[in-house]
Amino acid sequence: MQGEHVTAQVRETGEIPLSRSASWQRTVWCGDLRAEHAGQQVVLNGWVAHRRDHGGLIFVDLRDRSGIVQVVFDPQIDAEAFRVAESLRAEYVVAVTGLVRRRAPGMANPKLATGEIEVEGHKLEVLSKAKTPPFPLDRPLQVDENLRLRYRYLDLRRPEMQAGLILRHRLAQRARQYLNARGFLEIETPMLTRSTPEGARDFLVPSRLNPGTFYALPQSPQLFKQLLVMGGLERYYQIVRCFRDEDLRADRQPEFTQIDIEMSFPTREDVLQLAEGLMAELLDEAGIEVKRPFPRLSYKEAMLRYGSDKPDLRFGLEIQDVSDLFEQSSVQVFARAVATGGVVRALVLPGGKELSRRELDELVELAPRWGVPGLIWIIVEESGLRSPVVKYMSEGEQIALRERLRAKTGDLICMMAGAEGKVAPAMGRLRLHLAEKRNLIPASRWEFLWVLDFPLLEWNEEERRLQAVHHPFTSPVEEDLELLESEPLKVRANAYDMVLNGVELGGGSIRNHRRDVQERLFALLGIGPEEAQEKFGFLLEALEYGAPPHGGIAFGFDRVVMLLAGKETIRDVIAFPKTQSGTDPLTGAPAAVDPRQLAELHIICHG
RNA sequence: GGAGCCGUGGUGUAGCGGUCUAACACACCUGCCUGUCACGCAGGAGAUCGCGGGUUCGAUUCCCGUCGGCUCCGCCA
C-alpha cells in the first residue's frame, strides 16, 4: 500500500514527501499530522466530516482512516479553493493541497490528536460528491441496526467501527506471529466438505456434477485438522471461517471465525499452556495484562459454585449446597427435594435487604422461566430471619443456615430446591440476574478460567440417546475408559473450555487416536459399524496408519475481538454481519435464484 | 418453535382515545457571519404515525393479525 509507505516515511523521518505520481494523491494521512510537521506542504485525501462556514472563512474537518485534521479555507489565501470549499457537503471525497501550520495560541483543540495544527488549504479538488447520509456518522450511534446494515459502507466509515476492525486485524496478526514462532503452520482446509451426523445443522451446497448429492460447509475444520496431524504436519493452525445453520444471537452468526489449532504428541497441559500464552499475547495487543496461570475449575465445581459451565468470575455471589441441613426439615419443598435425591442450594446477596417486596416477588416469578418451580427468599434481620417460609424452619435450621452461608444482617438469601440438573443452572441464572440488577459486574476486569473434566457424554432426552458433550472425537480420560459401556455418563472427557468474563472463548480436547476407542464411542452415540464406516470410514482408516496422539483447541475469534473492543455483539466487529433472521439487508441475501440455476443443480423447490 | 421489547419527517425521540392541522433535537435547504471545531444567528422545506383488519361517533393512541429489527429460551457436537 502506498499509504503505508507514506506513513512509514513520515514516522521515521518526520519528512512528508512532496508529491505522489498524481498531483491529487495523498502525501500524508490526516491523523498523522503533528506540530513537528508545521511548515511542510501536504496533499490530503479523505472525506468531509464537517464543514463550518463562517462566511469569510471555512473550516473543514477532513477524515481518513487514520483520523481527522482541520483544514482552513481563506479567500485571501486562495480564492478558488475557498469557492470550491463553499460547495462542500458532508461525505464529499476530496483532495486538499496545503500547508501545515501551528494553530495560534489558544486555538488548539485538545479533543483532536491533530489539534495542535491545522492545514491551510491552497487547492481543493472534489473527487466524489455524496448524497446526505441516511444517518449521522459523527456521534455516538443510536440508529436502527437494519439501517446500519443496509448502508454498511457508511456505518463502516465511523471511527468506532474502524477501530473494531483495526483491532481485529492486529489481533489476527498477533495470533499468527505467536503461532508461527512456535512451529505452527497455517494450512487451509476445504470449504466444500461432507455433511456428518452430530453437531449443528449444516449449510448444504448442491453438487451440479453429482445429481442429488450435497457438500456441506464446515462447522469447523475438526476432521481435517486431525487428518493434517495424522499427515505428519505436526502443528497446524488456521484463522478460518466456520458455518452453522442455527438460530442467531448477539454472540452467534451463521458464519464466524475460529482460531483453530491442532498439534501432535501434546499433553493436555501443553495445549492449555499454549492457549494461555496465545490469549495473554492477544490481550497484550489490546493493552491488557493478564494473570497466569488461569484458574481451573472442574465442570462439576463450576456447576455447583456458579451454576454454569462458563462462569463469570468478575463478581462473587457464589452458590452453596445446603441440602444436608434440610434432610429432616418441615419445609416440605426442601425435605422432599433431598428425599428424592435432589439438592437445596443457596446464595447470599450482601445488602439484599434493600430489595422491595415487589422486587422479591419478581424474583419468585422469574424462577419458572429459569426452569424451577420456585424460589425462596430470606432476609437476615437483626432480630432473626424474615421470610414466608421461616415459620416452618426450626430454630436449629435457621442458625445452621446462617452459619453455613456466613450471612450477615441486611443480607438476602435466595434458595432453590429440586433435581440438581434443574437447580444448578437456575441458580446460575439467578446469580447473573442479581449481579446485573445490582451492578456488581466490574467492566474493566478480565477474569479467565479453564473448565476441565467435562463429562464425555450426556443424555439427550428428546432423541432418547447419548450424545457427545464436546464432539465425538474427544477422548475419554484414561482411568474412566473401563466405565465407557457400563456407566457412560460418568466418563470424563479429555476436554477443556476457556472462559473469559462469562463468555465461552474456546474449547478443545485431546482426541482419540486409537481406532478401537473411537469405534466404541461411535457405538455409544448410536452410530453403528455400518454408518460409522460409511460416514467416518476415512477417519477410522487413518487411525490405522500410524496416527500420533494429538489434540488442540479452537477459539471464537469474533468473541475475542468483541470483548477486547468493548462491544456487546460480534456484529460490531464483523464487517458484513447478518441480522437475527440470517439476512443481509445490504445485498438482500438470501434471495431466490433463477429456475435455470435450480434445474442445473437438479433441485426442485416446494412452497 | 416460543417469550419479551421496539417500529411516528432523513436520524433519534415525545405524544398513548378528540385543539394532532402531530411536538422537540439533530440533519437538510436558503440567507447572514473571519477562528470555529457537535460553530452561531434568521428563515424554510420535510411525516398518508411499518402494513392489514377490528373496536369506537372518532385510532398515531385500544385489540387482533402480519412484516421488520433487537434481546432471550429452545437450538448451537
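Reminder, nothing fancy here: chain letters follow the sequence lines and each chain counts from 1. Computed from a predicted structure; not experimentally measured.
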**Asked** Is it true that atom CZ of A:R369 has more than 12 heavy atoms of other residues, nucleotides or ligands lying nearer than 6.0 Å?
**Response** no
With hydrogens left out and only the distance checked, is there a donor-acceptor pair under 3.5 Å joining [X]'s side chain and the base of [N]?
X      : N     : result
A:D144 : B:G12 : no
A:R571 : B:C70 : no
A:Q142 : B:U11 : no
A:R249 : B:G74 : yes
A:E145 : B:G68 : no
A:R252 : B:C75 : yes

Report the nucleotide, chosen from [options], that has the shortest atom-to-atom distance to any side-chain atom of [X].
X      : options             : value
A:N146 : B:C37, B:C76, B:G69 : B:G69
A:N109 : B:C39, B:A38, B:U11 : B:A38
A:P134 : B:C73, B:G69, B:G10 : B:G10

**Item:** Rounded interatomic separation in angstrom, taking CZ from A:F59 and P from B:C33
**Value:** 16 Å
**Message:** For A:Y153 and A:Y151, take the angle between the two ring planes, folded into 0 to 90°, and tell me which bin it lands in: parallel under 30, tilted 30 to 60, perpendicular over 60.
**Reply:** perpendicular
